[in-house]
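In what follows, a single structure is set out as structure tokens and then discussed.
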Amino acid sequence: MIANDTDRAGGAAHLYRPEAAAEAPPGLLLARVLAVEPEGRIGLAIGDERVWARRALSCLLAPEAGDRVLAAQADGETFVLAVLDRLLPDVATLGVPEARRVVLAAPDLAVQGEGRLALQARETTVEGENVRILAKSFSLVGRLATFVADLLRVSARRSESVTDEMAVQAGARTTRITGTDVSEVGTLVRNVEQVSVETAQSAVMTAKEDLRFDGKRVTVG
């Protein structure tokens, strides 16, 4: 028999009495959860009786040991219809029993959390005509990131890229820099199949040891 469960969070005492089952509406039973097994079976105390039950599809809040629940018996089975209260309601798990897919449908749907929002799944898909992510700080961490788009535009006051190796393949590339372009490399190799043209108002080439021009024809001036 379970009695005198103290709510440590609020200080109130919940007294479960065997005769409390008679106070429930007709056809319904007040019960206390004794145990919840991984396969979904729920051990209940209904008065002096101990029975096994399972969640009804309408019970979206997953019961935990110590919860006071509303149950019903039908066709020789006992179902948990709803969780009425629990001693420490800090964490709650919502779900539909035995459902492999749950859909929340509404013209407008909002998920709000004052602290942390976590999405955990083996595969996550976000679909929408317009998707916006607004954040003061945004981090993308993964072994592989793929972006496929007709147009990819990145706008930032400052951009930094740190990689061990970078490869760029494009049909055509245009780079416009209005300020100064500074490159520091160990070895620079540039292969041009057809024509290489560089135009500048003033150009300076400096080599500490050796400067070479090699070609069938070299024209200066």
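Heads up: numbering here begins at 1 and tracks the sequence.
Considering all non-hydrogen atoms of both residues, Val192 and Val195 come closest at CG1-O, 3.4 Å. Of all heavy-atom pairs spanning Pro97 and Leu57, the tightest one is O-CD2, 3.4 Å. Closest approach of Arg50 to Ala45, counting heavy atoms only: NH1-CB, 3.7 Å.
Expressed to the nearest 0.5 Å, how far OG1 of Thr163 lies from CE of Met166 amounts to 4.0 Å. Annotation: the span from Arg54 atom CZ to Glu39 atom CD amounts to 13.5 Å, rounded to 0.5 Å. In this structure, Glu64 CD and Arg86 CZ are separated by 4.0 Å, a value rounded to the nearest 0.5 Å. From Leu29, atom CG reaches atom CZ of Phe79 across 13.0 Å, with rounding to the nearest 0.5 Å.
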Next on the checklist: Working note: Phe138 + Ile133, criterion side-chain contact (heavy atoms from CB on, under 4.5 Å); need CA distance, chi angles, decisive distance, verdict.
Outcome noted: CA-CA 9 Å; Phe138 178 78; Ile133 299 177; 4.0 Å; yes

Checklist entry - Given Thr125 and Glu123, is the side-chain contact (heavy atoms from CB on, under 4.5 Å) satisfied, shown in steps? => result CA-CA 7 Å; Thr125 302; Glu123 182 177 348; 4.1 Å; yes

Item to check | Derivation of the side-chain contact (heavy atoms from CB on, under 4.5 Å) call for Leu84 and Val69 | outcome: CA-CA 5 Å; Leu84 301 180; Val69 299; 5.6 Å; no

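Note: the hydrophobic cluster containing Leu61 also contains Val36 (ILVMFWY, side chain heavy atoms under 4.5 Å, direct or indirect links). The hydrophobic cluster containing Leu94 does not contain Val102, counting ILVMFWY residues as joined when their side-chain heavy atoms lie under 4.5 angstrom apart, directly or transitively.
Residue Asp210 qualifies as enclosed at atom CG: its count of foreign heavy atoms under 6.0 Å is above 12. No more than 12 heavy atoms of other residues, nucleotides or ligands lie within 6.0 Å of CD in Glu98, so this atom counts as exposed by the packing criterion.
Side-chain atoms of Ile42 and Arg55, non-hydrogen and from C-beta on, do get closer than 4.5 Å to each other. Residues Leu81 and Cys59 fail the side-chain proximity criterion, which asks for heavy atoms closer than 4.5 Å. Residues Leu70 and Val80 fail the side-chain proximity criterion, which asks for heavy atoms closer than 4.5 Å.
Paired with Leu44 under the rule side-chain contact (heavy atoms from CB on, under 4.5 Å), one option of Asp67, Leu34, Thr78 passes, and it is Thr78.
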